[in-house]
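Counting starts at 1 for both ligands and their atoms, following the listed order.
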Amino acid sequence: MEILQTEDRGGEVIIDKYYDGIRFPANIPGNVKDQLVSVKNLKHTKGDVFLDTFPKTGTHWAYEILYMLQTGKAEYSSDPFMCLEFQATDRLDAFEGPRVLKSHLYPQHIPKFVEDGKCKVVYIYRNPKDTAVSLYSFIKRVNVNGLKGYNGTWEHFFEIFATKPMHYNSWFEHVKAWLDFKKENAEIPILMVSYEDMKKDLRSCVKKMAEHLDVKRNPEFLDEVANKCQFNVMSKAQRSNVKETTLSKDGSNPFYRKGGVGDWKNWLTVAQNEMYDAMLQEKMADIDLEIKYTL
Ligand code: PPS
(Lines give C-alpha, C1' and ligand atoms only; values in the text may rest on other atoms or scores of the structure.)
Protein backbone atom coordinates (compact mmCIF):
# COMPACT_ATOMS: atom_id res chain seq x y z
CA MET A 1 0.00 0.00 0.00
CA GLU A 2 1.22 3.46 -0.85
CA ILE A 3 -0.03 6.85 0.31
CA LEU A 4 -0.67 9.00 -2.75
CA GLN A 5 -1.49 12.66 -2.92
CA THR A 6 -3.47 14.24 -5.73
CA GLU A 7 -2.48 17.87 -5.93
CA ASP A 8 -4.73 20.47 -7.49
CA ARG A 9 -3.52 23.56 -9.34
CA GLY A 10 -3.64 25.60 -6.13
CA GLY A 11 -1.40 23.13 -4.28
CA GLU A 12 -4.23 21.60 -2.20
CA VAL A 13 -4.04 17.84 -1.84
CA ILE A 14 -6.42 14.92 -1.57
CA ILE A 15 -4.83 11.90 0.09
CA ASP A 16 -5.51 8.33 -0.96
CA LYS A 17 -4.30 4.89 0.00
CA TYR A 18 -3.29 3.12 -3.20
CA TYR A 19 -3.56 -0.65 -3.35
CA ASP A 20 -4.10 -3.18 -6.11
CA GLY A 21 -4.60 -0.53 -8.78
CA ILE A 22 -7.21 1.46 -6.86
CA ARG A 23 -7.03 4.72 -4.88
CA PHE A 24 -9.04 4.37 -1.69
CA PRO A 25 -9.96 7.27 0.61
CA ALA A 26 -7.36 7.53 3.36
CA ASN A 27 -9.86 6.70 6.10
CA ILE A 28 -10.04 3.06 4.97
CA PRO A 29 -8.52 1.05 7.85
CA GLY A 30 -4.87 0.00 8.02
CA ASN A 31 -2.94 -1.19 5.03
CA VAL A 32 -6.10 -1.70 2.88
CA LYS A 33 -5.02 -5.23 1.98
CA ASP A 34 -6.19 -6.77 5.29
CA GLN A 35 -9.54 -5.02 5.00
CA LEU A 36 -10.03 -6.25 1.45
CA VAL A 37 -9.16 -9.80 2.48
CA SER A 38 -11.81 -9.63 5.25
CA VAL A 39 -14.36 -8.27 2.78
CA LYS A 40 -13.52 -11.00 0.28
CA ASN A 41 -14.09 -13.66 2.94
CA LEU A 42 -17.27 -12.23 4.39
CA LYS A 43 -19.78 -14.96 5.24
CA HIS A 44 -22.93 -15.18 3.23
CA THR A 45 -26.25 -14.79 5.03
CA LYS A 46 -29.59 -15.67 3.48
CA GLY A 47 -31.34 -12.56 2.19
CA ASP A 48 -28.15 -10.55 1.63
CA VAL A 49 -28.30 -7.83 -0.99
CA PHE A 50 -25.16 -6.20 -2.34
CA LEU A 51 -25.32 -2.51 -3.29
CA ASP A 52 -22.45 -0.88 -5.15
CA THR A 53 -21.98 2.71 -6.28
CA PHE A 54 -19.38 5.29 -7.13
CA PRO A 55 -19.37 7.80 -4.22
CA LYS A 56 -22.17 10.40 -4.20
CA THR A 57 -24.39 8.66 -6.68
CA GLY A 58 -27.25 7.63 -4.39
CA THR A 59 -25.81 5.06 -1.98
CA HIS A 60 -27.79 6.13 1.09
CA TRP A 61 -30.95 6.50 -0.93
CA ALA A 62 -30.82 3.04 -2.50
CA TYR A 63 -29.69 1.55 0.82
CA GLU A 64 -32.86 2.64 2.60
CA ILE A 65 -35.08 1.43 -0.25
CA LEU A 66 -33.43 -1.98 -0.38
CA TYR A 67 -33.47 -2.25 3.40
CA MET A 68 -37.22 -1.56 3.50
CA LEU A 69 -37.88 -4.01 0.70
CA GLN A 70 -35.87 -6.72 2.39
CA THR A 71 -37.34 -6.25 5.86
CA GLY A 72 -40.89 -5.72 4.58
CA LYS A 73 -41.21 -2.72 6.92
CA ALA A 74 -41.28 0.85 5.65
CA GLU A 75 -38.91 1.98 8.40
CA TYR A 76 -35.47 3.50 8.00
CA SER A 77 -32.54 1.39 9.07
CA SER A 78 -31.66 2.77 12.48
CA ASP A 79 -27.98 1.85 12.29
CA PRO A 80 -26.93 1.66 8.67
CA PHE A 81 -23.65 -0.09 8.05
CA MET A 82 -20.84 1.94 6.66
CA CYS A 83 -19.50 0.93 3.28
CA LEU A 84 -17.92 -2.52 3.52
CA GLU A 85 -14.43 -1.26 2.97
CA PHE A 86 -14.66 0.99 6.06
CA GLN A 87 -16.49 -1.47 8.26
CA ALA A 88 -15.22 -4.03 10.80
CA THR A 89 -16.35 -7.19 9.06
CA ASP A 90 -16.72 -9.21 12.29
CA ARG A 91 -19.65 -6.93 13.13
CA LEU A 92 -21.18 -7.74 9.77
CA ASP A 93 -20.64 -11.45 10.21
CA ALA A 94 -22.37 -11.30 13.59
CA PHE A 95 -25.37 -9.42 12.20
CA GLU A 96 -28.53 -11.43 11.74
CA GLY A 97 -29.99 -10.68 8.31
CA PRO A 98 -31.40 -9.32 6.23
CA ARG A 99 -28.30 -7.32 5.36
CA VAL A 100 -27.88 -4.72 2.66
CA LEU A 101 -24.14 -4.62 2.10
CA LYS A 102 -23.10 -1.35 0.52
CA SER A 103 -19.77 -0.51 -1.01
CA HIS A 104 -17.92 1.58 -3.55
CA LEU A 105 -15.62 -1.32 -4.38
CA TYR A 106 -14.55 -2.35 -7.85
CA PRO A 107 -15.83 -5.80 -8.91
CA GLN A 108 -12.41 -7.37 -8.29
CA HIS A 109 -12.74 -6.63 -4.55
CA ILE A 110 -16.33 -7.64 -3.80
CA PRO A 111 -17.04 -10.56 -1.43
CA LYS A 112 -16.47 -14.02 -2.86
CA PHE A 113 -20.09 -15.04 -2.32
CA VAL A 114 -21.25 -12.10 -4.43
CA GLU A 115 -18.87 -13.16 -7.21
CA ASP A 116 -20.31 -16.63 -6.89
CA GLY A 117 -23.76 -15.26 -7.71
CA LYS A 118 -25.19 -16.08 -4.28
CA CYS A 119 -26.93 -12.76 -3.77
CA LYS A 120 -28.72 -10.04 -5.69
CA VAL A 121 -26.64 -7.03 -6.71
CA VAL A 122 -27.81 -3.47 -7.35
CA TYR A 123 -25.55 -0.85 -8.95
CA ILE A 124 -26.66 2.79 -8.88
CA TYR A 125 -25.11 5.36 -11.21
CA ARG A 126 -25.53 9.12 -11.54
CA ASN A 127 -24.39 11.63 -14.11
CA PRO A 128 -20.77 12.61 -13.40
CA LYS A 129 -21.37 16.37 -13.38
CA ASP A 130 -23.82 16.20 -10.45
CA THR A 131 -21.58 13.57 -8.87
CA ALA A 132 -18.62 15.99 -8.96
CA VAL A 133 -20.67 18.78 -7.37
CA SER A 134 -21.92 16.45 -4.66
CA LEU A 135 -18.43 15.10 -3.93
CA TYR A 136 -16.91 18.57 -3.72
CA SER A 137 -19.69 19.78 -1.40
CA PHE A 138 -19.20 16.68 0.78
CA ILE A 139 -15.44 17.09 0.99
CA LYS A 140 -15.86 20.70 2.12
CA ARG A 141 -18.30 19.64 4.82
CA VAL A 142 -16.58 16.67 6.40
CA ASN A 143 -13.96 16.22 9.01
CA VAL A 144 -12.54 12.80 8.21
CA ASN A 145 -8.98 11.72 7.59
CA GLY A 146 -7.64 12.38 4.16
CA LEU A 147 -10.42 14.83 3.27
CA LYS A 148 -10.53 17.38 6.04
CA GLY A 149 -7.37 19.14 4.92
CA TYR A 150 -8.62 19.80 1.40
CA ASN A 151 -9.46 23.43 0.95
CA GLY A 152 -9.37 23.79 -2.81
CA THR A 153 -11.67 25.88 -4.96
CA TRP A 154 -14.42 24.35 -7.07
CA GLU A 155 -12.47 25.26 -10.20
CA HIS A 156 -9.40 23.38 -9.04
CA PHE A 157 -11.37 20.46 -7.67
CA PHE A 158 -13.35 19.97 -10.87
CA GLU A 159 -10.13 19.94 -12.84
CA ILE A 160 -8.76 17.03 -10.82
CA PHE A 161 -12.12 15.22 -10.79
CA ALA A 162 -12.16 15.43 -14.58
CA THR A 163 -8.54 14.75 -15.41
CA LYS A 164 -6.71 12.97 -12.59
CA PRO A 165 -7.28 9.76 -10.68
CA MET A 166 -8.61 10.30 -7.16
CA HIS A 167 -10.96 8.39 -4.81
CA TYR A 168 -11.92 5.11 -6.49
CA ASN A 169 -9.84 6.26 -9.47
CA SER A 170 -12.57 7.86 -11.57
CA TRP A 171 -16.27 7.85 -12.33
CA PHE A 172 -15.56 6.52 -15.84
CA GLU A 173 -13.37 3.67 -14.69
CA HIS A 174 -15.86 2.65 -12.01
CA VAL A 175 -18.92 2.61 -14.25
CA LYS A 176 -17.02 0.83 -17.02
CA ALA A 177 -15.67 -1.80 -14.62
CA TRP A 178 -19.20 -2.60 -13.42
CA LEU A 179 -20.67 -2.64 -16.91
CA ASP A 180 -17.96 -5.02 -18.08
CA PHE A 181 -18.42 -7.17 -14.98
CA LYS A 182 -22.14 -7.42 -15.64
CA LYS A 183 -21.56 -8.31 -19.28
CA GLU A 184 -18.97 -10.95 -18.45
CA ASN A 185 -20.97 -12.50 -15.59
CA ALA A 186 -24.48 -12.94 -16.88
CA GLU A 187 -25.16 -15.51 -14.13
CA ILE A 188 -24.78 -12.85 -11.41
CA PRO A 189 -28.10 -11.03 -10.91
CA ILE A 190 -27.10 -7.38 -11.29
CA LEU A 191 -29.64 -4.58 -11.64
CA MET A 192 -28.36 -1.18 -12.76
CA VAL A 193 -30.53 1.81 -11.91
CA SER A 194 -29.79 5.49 -12.47
CA TYR A 195 -30.17 8.21 -9.86
CA GLU A 196 -31.97 10.29 -12.48
CA ASP A 197 -34.58 7.58 -13.12
CA MET A 198 -35.11 7.26 -9.37
CA LYS A 199 -35.64 10.99 -9.23
CA LYS A 200 -38.01 10.95 -12.17
CA ASP A 201 -40.16 8.02 -11.08
CA LEU A 202 -39.17 6.60 -7.73
CA ARG A 203 -42.22 4.35 -7.42
CA SER A 204 -41.32 2.50 -10.65
CA CYS A 205 -37.72 2.09 -9.53
CA VAL A 206 -38.83 0.76 -6.13
CA LYS A 207 -41.03 -1.78 -7.94
CA LYS A 208 -38.17 -2.75 -10.24
CA MET A 209 -35.90 -3.28 -7.23
CA ALA A 210 -38.56 -5.37 -5.45
CA GLU A 211 -38.90 -7.56 -8.55
CA HIS A 212 -35.15 -7.91 -8.79
CA LEU A 213 -34.92 -8.97 -5.14
CA ASP A 214 -37.81 -11.31 -5.76
CA VAL A 215 -39.69 -10.11 -2.70
CA LYS A 216 -43.46 -10.04 -2.84
CA ARG A 217 -44.65 -6.68 -1.52
CA ASN A 218 -48.10 -5.25 -2.09
CA PRO A 219 -48.63 -1.98 -4.02
CA GLU A 220 -49.50 0.00 -0.86
CA PHE A 221 -46.22 -1.05 0.69
CA LEU A 222 -44.27 0.03 -2.42
CA ASP A 223 -46.10 3.39 -2.28
CA GLU A 224 -45.05 3.80 1.33
CA VAL A 225 -41.41 2.98 0.57
CA ALA A 226 -41.36 5.48 -2.30
CA ASN A 227 -42.94 8.15 -0.10
CA LYS A 228 -40.55 7.62 2.79
CA CYS A 229 -37.54 7.67 0.48
CA GLN A 230 -38.34 10.95 -1.26
CA PHE A 231 -35.53 13.40 -0.61
CA ASN A 232 -37.47 15.80 1.62
CA VAL A 233 -38.90 13.09 3.83
CA MET A 234 -35.78 10.98 4.07
CA SER A 235 -33.30 13.82 4.61
CA LYS A 236 -35.49 15.23 7.38
CA ALA A 237 -35.61 11.84 9.10
CA GLN A 238 -31.82 11.47 8.84
CA ARG A 239 -31.00 15.04 9.88
CA SER A 240 -29.95 14.03 13.37
CA ASN A 241 -28.39 10.64 12.61
CA VAL A 242 -25.60 10.80 15.19
CA LYS A 243 -23.29 8.36 13.42
CA GLU A 244 -23.32 10.62 10.37
CA THR A 245 -23.52 14.10 11.87
CA THR A 246 -20.31 13.47 13.83
CA LEU A 247 -18.49 13.27 10.50
CA SER A 248 -19.25 16.85 9.57
CA LYS A 249 -17.57 20.08 10.54
CA ASP A 250 -20.81 21.85 11.45
CA GLY A 251 -22.92 19.06 12.97
CA SER A 252 -25.17 18.70 9.92
CA ASN A 253 -25.59 15.37 8.15
CA PRO A 254 -23.10 15.63 5.25
CA PHE A 255 -24.75 12.86 3.25
CA TYR A 256 -27.77 15.04 2.40
CA ARG A 257 -27.64 18.27 0.46
CA LYS A 258 -30.01 19.11 -2.41
CA GLY A 259 -30.83 15.65 -3.71
CA GLY A 260 -31.64 16.77 -7.24
CA VAL A 261 -30.69 16.46 -10.88
CA GLY A 262 -29.00 19.28 -12.78
CA ASP A 263 -27.49 21.31 -9.94
CA TRP A 264 -24.24 21.11 -11.96
CA LYS A 265 -25.63 23.97 -14.09
CA ASN A 266 -25.18 26.23 -11.07
CA TRP A 267 -21.55 25.17 -10.67
CA LEU A 268 -19.86 24.40 -13.99
CA THR A 269 -18.78 27.43 -15.97
CA VAL A 270 -19.33 27.42 -19.72
CA ALA A 271 -15.63 26.68 -20.20
CA GLN A 272 -15.65 23.80 -17.69
CA ASN A 273 -18.74 22.36 -19.28
CA GLU A 274 -17.28 22.53 -22.78
CA MET A 275 -14.07 20.91 -21.63
CA TYR A 276 -15.97 18.13 -19.87
CA ASP A 277 -18.38 17.52 -22.73
CA ALA A 278 -15.44 17.11 -25.11
CA MET A 279 -13.94 14.59 -22.70
CA LEU A 280 -17.25 12.80 -22.32
CA GLN A 281 -17.54 12.29 -26.05
CA GLU A 282 -14.31 10.38 -26.05
CA LYS A 283 -14.73 8.48 -22.78
CA MET A 284 -18.38 7.54 -23.22
CA ALA A 285 -17.58 5.75 -26.48
CA ASP A 286 -16.58 2.89 -24.20
CA ILE A 287 -19.57 3.08 -21.86
CA ASP A 288 -22.79 1.63 -23.15
CA LEU A 289 -25.14 3.44 -20.79
CA GLU A 290 -27.50 6.35 -21.24
CA ILE A 291 -26.58 9.12 -18.82
CA LYS A 292 -29.12 11.87 -18.12
CA TYR A 293 -27.98 15.34 -17.12
CA THR A 294 -31.42 16.88 -16.71
CA LEU A 295 -34.89 15.51 -16.11
S1 PPS B 1 -21.89 8.45 -0.18
O2 PPS B 1 -21.04 9.27 0.70
O3 PPS B 1 -21.14 7.99 -1.36
O4 PPS B 1 -22.53 7.35 0.53
O5 PPS B 1 -23.02 9.45 -0.70
P6 PPS B 1 -24.34 8.99 -1.47
O7 PPS B 1 -25.36 8.57 -0.49
O8 PPS B 1 -23.98 8.05 -2.56
O9 PPS B 1 -24.78 10.32 -2.22
C10 PPS B 1 -25.14 11.50 -1.56
C11 PPS B 1 -26.03 12.26 -2.53
O12 PPS B 1 -27.31 11.61 -2.60
C13 PPS B 1 -28.33 12.56 -2.25
N14 PPS B 1 -29.46 11.87 -1.62
C15 PPS B 1 -30.67 11.78 -2.19
N16 PPS B 1 -31.12 12.22 -3.38
C17 PPS B 1 -32.44 12.00 -3.66
N18 PPS B 1 -33.29 11.39 -2.82
C19 PPS B 1 -32.88 10.91 -1.62
N20 PPS B 1 -33.73 10.32 -0.80
C21 PPS B 1 -31.51 11.10 -1.27
N22 PPS B 1 -30.77 10.81 -0.18
C23 PPS B 1 -29.53 11.27 -0.41
C24 PPS B 1 -27.59 13.53 -1.32
O25 PPS B 1 -28.29 14.72 -1.12
C26 PPS B 1 -26.30 13.70 -2.10
O27 PPS B 1 -26.48 14.42 -3.31
P28 PPS B 1 -26.34 16.00 -3.44
O29 PPS B 1 -26.37 16.30 -4.91
O30 PPS B 1 -25.03 16.38 -2.81
O31 PPS B 1 -27.52 16.58 -2.74
Engineer: For ligand 1, indicate whether the residue Thr57 contacts it via side chain, backbone, both or neither (heavy-atom separation under 4.0 Å).
Structural biologist: backbone

Engineer: Should you measure from each heavy atom of His104, which atoms of ligand 1 turn up under 4.0 Å away?
Structural biologist: 3 (O)

Engineer: Sort out for me which residue in Asp130, Asp197, Asn127, Val261 forms a side-chain contact (heavy atoms from CB on, under 4.5 Å) with Lys292.
Structural biologist: Asp197

Engineer: Which heavy atom of the protein is the closest neighbour of atom 22 (N) of ligand 1, given with residue, atom name and distance?
Structural biologist: Tyr256 CE2, 3.4 Å

Engineer: For Tyr276 and Phe172, take the angle between the two ring planes, folded into 0 to 90°, and tell me which bin it lands in: parallel under 30, tilted 30 to 60, perpendicular over 60.
Structural biologist: tilted

Engineer: Using a 4.0 Å heavy-atom cut-off, which part of Arg126 comes near ligand 1: side chain, backbone, both, or neither?
Structural biologist: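 The answer is the side chain of Arg126.
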
Engineer: Mark yes or no for whether Lys140, through its side chain, and Gly152, through its backbone, hold a donor-acceptor pair below 3.5 Å.
Structural biologist: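 Yes, Lys140 side chain to Gly152 backbone: donor-acceptor pair under 3.5 Å.
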
Engineer: Any idea how Phe255 and Phe138 line up, ring-wise: parallel (<30°), tilted (30 to 60°), or perpendicular (>60°)?
Structural biologist: tilted

Engineer: How are the rings of Trp61 and Tyr195 set relative to one another: parallel (under 30°), tilted (30 to 60°) or perpendicular (over 60°)?
Structural biologist: perpendicular

Engineer: Determine, using ring centers only, whether Tyr123 and Phe181 are less than 6.0 Å apart.
Structural biologist: no

Engineer: Counting non-hydrogen protein atoms only, what is the nearest one to atom 15 (C) of ligand 1? Give residue, atom name and distance.
Structural biologist: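 Its nearest protein heavy-atom neighbour is Phe231 CD1, 3.6 Å.
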
Engineer: Taking only heavy atoms of Pro55 into account, list the atoms of ligand 1 that are under 4.0 Å away from them.
Structural biologist: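 In order of number, 3 (O).
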
Engineer: Just which atoms of ligand 1 are under 4.0 Å from any heavy atom in Thr59?
Structural biologist: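 Contacts of ligand 1 toward Thr59, numbered from 1: 1 (S), 3 (O), 4 (O), 6 (P), 7 (O), 8 (O).
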
Engineer: Parallel, tilted or perpendicular for Phe161 and Phe54, by the 30°/60° rule?
Structural biologist: perpendicular

Engineer: With heavy-atom distances below 4.0 Å as the criterion, list the atoms of ligand 1 near Gly58.
Structural biologist: 6 (P), 8 (O), 9 (O)

Engineer: Heavy atoms only: which of Trp264, Tyr136, Tyr195 lies closest to atom 13 (C) of ligand 1?
Structural biologist: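 Ranked by closest heavy atom to atom 13 (C) of ligand 1, first place is Tyr195.
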
Engineer: Hey, what's the ring geometry for Tyr136 with Phe157, parallel, tilted or perpendicular (30° and 60° as the breaks)?
Structural biologist: tilted

Engineer: What part of Cys229 sits under 4.0 Å from ligand 1 if we count only heavy atoms: the side chain, the backbone, both or neither?
Structural biologist: backbone

Engineer: Considering distance alone, does some N or O of Arg257 sit under 3.5 Å from an N or O of ligand 1?
Structural biologist: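 Yes: some nitrogen or oxygen of Arg257 is under 3.5 Å from one in ligand 1.
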
Engineer: Are the side chain of Asn169 and the backbone N or O of Arg23 linked by a donor-acceptor pair below 3.5 Å?
Structural biologist: yes

Engineer: Indicate yes or no: does an N/O atom of Phe54 lie under 3.5 Å from an N/O atom of ligand 1?
Structural biologist: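 There is no such contact.
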
Engineer: Does an N or O from Ser134, backbone or side chain, lie closer than 3.5 Å to an N or O of ligand 1?
Structural biologist: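 Between Ser134 and ligand 1 (N or O atoms, distance only) the closest approach is under 3.5 Å.
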
Engineer: Starting from atom 1 (S) of ligand 1, find the nearest protein heavy-atom neighbour and note its residue, name and distance.
Structural biologist: Lys56 NZ, 3.5 Å

Engineer: If you count the non-hydrogen atoms of other residues, nucleotides and ligands that lie under 6.0 Å from NZ in Lys164, is the total more than 12?
Structural biologist: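 For Lys164, atom NZ is crowded (more than 12 foreign heavy atoms under 6.0 Å).
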
Engineer: Consider ligand 1: state whether an atom of it lies below 4.0 angstrom from any non-hydrogen atom of Tyr63.
Structural biologist: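 Judged by the 4.0 Å heavy-atom criterion, Tyr63 does not count as contacting ligand 1.
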
Engineer: Under 4.0 Å from a heavy atom of Phe255: give me the atoms of ligand 1 that qualify, with their elements.
Structural biologist: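 Contacts of ligand 1 toward Phe255, numbered from 1: 2 (O), 10 (C), 23 (C), 24 (C), 25 (O), 26 (C).
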
